[in-house]
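Only one structure is covered here, and it is reproduced in the block below.
FYI, the numbering just counts along the sequence from 1. Predicted model, so just to flag it, every value in this text is computed and none were measured.
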Amino acid sequence: MAQVTIGNSEFDRDTAVVRRAPGHYEADLSAGWTIIHAVNGGYLLALMGRALGDALPHPDPFSVTAHYLTASVPGPAVIRTEVVRTGRTMSTGTATLVQFEEDGSEVERLRVLAAYGDLDTLTDDVRTTAKPPAIPPYEHCLGTESAPGGQPTIPGSTAIADRLTIRLDPATCGWAVGAPSGNGEMRGWFGLADGRDPDPLSLLLTVDALPPTAFEIGLTGWVPTVELTTHVRRRPAPGPLRVAITTRNLAGGFLEEDAEVWDSADHLVAQSRQLARAPRSASTVA
């Protein structure tokens with residue numbers, strides 16, 4: 001497929017919002033970004049990020065925290081934004097996304113608090129001990145077409161997989177053949193299937209787009225996000241991204257996922273942490 005440009009891709013069309021009044025936006029949650037029983041949380045975060053980018057005077061998400069209250073479903077939605085504070089270099093806003101039941105009652109799906117700025121104004125001073133993840137070359141990693149047929153059976157939609165290009169590190173793919181490592185790690189190359197290059201908004205999707213680390217721990221089923229905080233550190237260079245996600249602690253039915261996103265120029269462009277509910281079945285992959 002020929003590469004498309006930022007602003008003219010399926011991702012851009014499906015995260016479009018229409019401002020009906022100041023602080024009031026309408027959107028249509030696409031069924032193309034569903035996984036298992038619900039609309040993907042990273043897609044929703046990008047959708048909210050687009051509305052906040054319109055509402056706030058600064059263009060780029062710096063820190064975005066979302067609390068997922070109820071599972072979103074494909075169809076119409078309303079986003080309400082509020083400008084909390086504006087400053088010279090940063091602005092802060094909130095956003096809520098609601099949908100409506102058949103009887104017309106309103107259901108809040110998620111609530112976001114975000115800080116926005118301008119990534120192009122940041123200094124070039126970098127002092128870090130972080131290193132890009134050790135992922136095999138792209139051609140040596142495994143895509144969905146490489147799955148040997150033993151991956152866990154998960155009921156529901158996997159439509160989002162058709163919109164992404166993900167090549168996983170074979171060392172984190174034991175779950176696909178019924179032999180999870182138990183290490184709670186997921187690593188891979190990431191891109192949008194239509195070839196659109198990454199930008200700050202798509203990074204909000206990227207942090208929540210790989211298979212959950214719960215699979216490699218040995219669990220199957222839906223892993224619903226409770227809270228997700230994403231830090232966008234710089235504008236990504238064109239080309240595929242590398243994503244590394246780890247879980248160190250599953251306790252009381254909840255787990256954390258810490259993600260790092262690196263661009264093609266070896267820059268750490270995004271970091272995130274989310275709290276998620278472990279699959280209720282908590283069954284071992286067979």
Hydrophobic cluster identity match, Leu201 and Leu203, side-chain contacts under 4.5 Å: yes
Looking only at heavy atoms, what is the nearest atom pair of Asn249 and Glu256, with distance? O-OE1, 2.8 Å
Which salt bridge (Lys or Arg N to Asp or Glu O under 4.0 Å) pairs, counting each pair once, include a residue from residues 76-99, with sequence neighbours left out? Arg80-Glu106
Would you name the heavy atoms of Leu52 and Val112 that are closest together and state the gap between them? CD1-CG1, 3.8 Å
Using a 4.5 Å cut-off on heavy atoms from C-beta on, say whether the side chain of Pro200 contacts that of Leu119. yes
Taking all non-hydrogen atoms of both residues into account, name the closest pair between Leu168 and Cys141 and its distance. O-CB, 3.2 Å
Say whether, by atom type as modelled, one donor and one acceptor occur between the side chain of Thr230 and the main chain of Ser63 under 3.5 angstrom. no
Hits for salt bridge (charged side-chain N to carboxylate O under 4.0 Å, His left out) against Arg13, two or more places apart or cross-chain, chain-then-number order -> none
Does the Asp197 side chain pair with the main chain of Pro238, one donor and one acceptor, at a distance under 3.5 Å? no
So that I can tick it off, tell me whether Asp194 and Arg163 are bridged by a salt bridge, with the cut-off set at under 4.0 angstrom between side-chain N and carboxylate O. no
Are Leu219 and Val223 connected in a single hydrophobic cluster, I mean Ile/Leu/Val/Met/Phe/Trp/Tyr linked by side-chain heavy atoms less than 4.5 Å apart? no
Working to the nearest 0.5 Å, report the span between OG1 of Thr15 and CG of Asp28. 12.0 Å
Sub-4.5 Å side-chain heavy-atom contact between Met186 and Thr213: yes
Distance from Glu139 atom CD to Trp189 atom CH2, nearest 0.5 Å? 8.5 Å
Taking side-chain contact (heavy atoms from CB on, under 4.5 Å) as the criterion, tell me which of Leu110, Leu204, Thr81, Val64 meets it with Met48. Leu110
Report the C-alpha distance between Val261 and Val207 in whole Å, list the side-chain angles of each, state the deciding distance to 0.1 Å, and finish with yes or no for side-chain contact (heavy atoms from CB on, under 4.5 Å). CA-CA 7 Å; Val261 182; Val207 298; 3.9 Å; yes
If you measure from the Lys or Arg side-chain nitrogens to the Asp or Glu carboxylate oxygens, is any gap between Arg242 and Asp169 under 4.0 Å? no
Does the side chain of Ser181 pick up a donor-acceptor pair with the side chain of Glu216 at under 3.5 Å? yes
Nearest heavy-atom neighbours spanning Ser72 and Leu44: OG-CD1, 3.4 Å
Under 3.5 Å: donor-acceptor pair, side chain of Thr225, backbone of Gly41: no
So do Leu255 and Arg277 actually touch side chain to side chain, heavy atoms under 4.5 Å? no
Under 3.5 Å, is there a donor-acceptor pair between the side chain of Glu26 and the main chain of Ala77? no
Is a side-chain donor-acceptor pair under 3.5 Å present for Arg109 with Thr70? yes
Do Met90 and Val232 belong to the same hydrophobic cluster, where Ile, Leu, Val, Met, Phe, Trp and Tyr are linked whenever their side-chain heavy atoms lie under 4.5 Å apart, directly or via other members? yes
From CZ (Arg187) to CD1 (Ile135), nearest 0.5 Å: 7.0 Å
Heavy atoms, side chains only, cut-off 4.5 Å: are Leu268 and Lys131 in contact? no
Please give me the minimum heavy-atom distance between Gly42 and Tyr68, naming the atom from each residue. N-OH, 4.4 Å
Close side-chain approach of Val84 and Thr94, heavy atoms under 4.5 Å: yes
I want to check something: taking the side chain as every heavy atom from C-beta on, are Thr165 and Tyr138 in contact at a cut-off of under 4.5 Å? yes
Member of Ile245, Thr229, Leu228 meeting the side-chain contact (heavy atoms from CB on, under 4.5 Å) criterion with Ser272: Leu228
Short side-chain to backbone donor-acceptor contact, Asp103 and Ser105, under 3.5 Å: yes
Would you sort out whether Asp199 and Ser202 count as a side-chain hydrogen bond (donor to acceptor under 3.5 Å, both in side chains), showing the intermediate values? CA-CA 5 Å; Asp199 69 348; Ser202 71; 3.3 Å; yes
Taking atom CG as the centre, does Asp124 end up with more than 12 heavy-atom neighbours from other residues, nucleotides or ligands that are less than 6.0 angstrom away? no
Using the side-chain contact (heavy atoms from CB on, under 4.5 Å) rule, take Thr92 and Thr86 through it: C-alpha gap first, then chi angles, then the decisive distance, then the call. CA-CA 6 Å; Thr92 302; Thr86 61; over 6 Å; no
What is the distance from atom OG1 of Thr89 to atom CZ of Phe62, rounded to the nearest 0.5 Å? 7.5 Å
Can you tell me how the ring of Trp33 sits relative to the ring of Tyr43, calling it parallel under 30°, perpendicular over 60° and tilted otherwise? parallel
Tell me whether Leu122 is reachable from Tyr116 by hopping between hydrophobic residues (I, L, V, M, F, W, Y) whose side-chain heavy atoms are closer than 4.5 Å. yes
Rounded at 0.5 Å granularity, tell me how far CD1 in Ile35 sits from CG in Asn40. 7.5 Å
CZ on Arg167 to NE2 on His140, rounded to 0.5 Å: 10.0 Å
Given 3.5 Å as the limit, does a donor-acceptor pair link the side chain of Ser9 with the main chain of Val4, or not? no
Are Thr206 and Val269 close enough that some pair of their side-chain heavy atoms sits under 4.5 Å apart? no
When you check the gap from the basic side-chain N to the acidic O, do Asp60 and Arg235 get nearer than 4.0 Å? yes
Does a donor on one side chain sit under 3.5 Å from an acceptor on the other, for Asp125 and Thr123? no
Determine whether more than 12 heavy atoms belonging to other residues, nucleotides or ligands lie under 6.0 Å from atom CZ of Arg50. yes
Heavy-atom distance under 4.5 Å between the side chains of Gln99 and Val73, does that happen here? yes
Closest non-hydrogen contact found for Val83 with Ala55 is CG2-O, 3.7 Å
Determine, for Asp263 against Arg234, whether the closest basic-nitrogen to carboxylate-oxygen distance falls under 4.0 angstrom. no
Start with the C-alpha gap between Leu47 and Val17, add the side-chain angles, then the distance that decides, and say whether side-chain contact (heavy atoms from CB on, under 4.5 Å) holds. CA-CA 8 Å; Leu47 186 78; Val17 297; 4.1 Å; yes
Evaluate the side-chain contact (heavy atoms from CB on, under 4.5 Å) criterion for residues Glu101 and Val107: first the C-alpha distance (whole Å), next the side-chain angles of each, then the deciding distance (0.1 Å), finally the verdict. CA-CA 7 Å; Glu101 302 284 11; Val107 180; 3.4 Å; yes
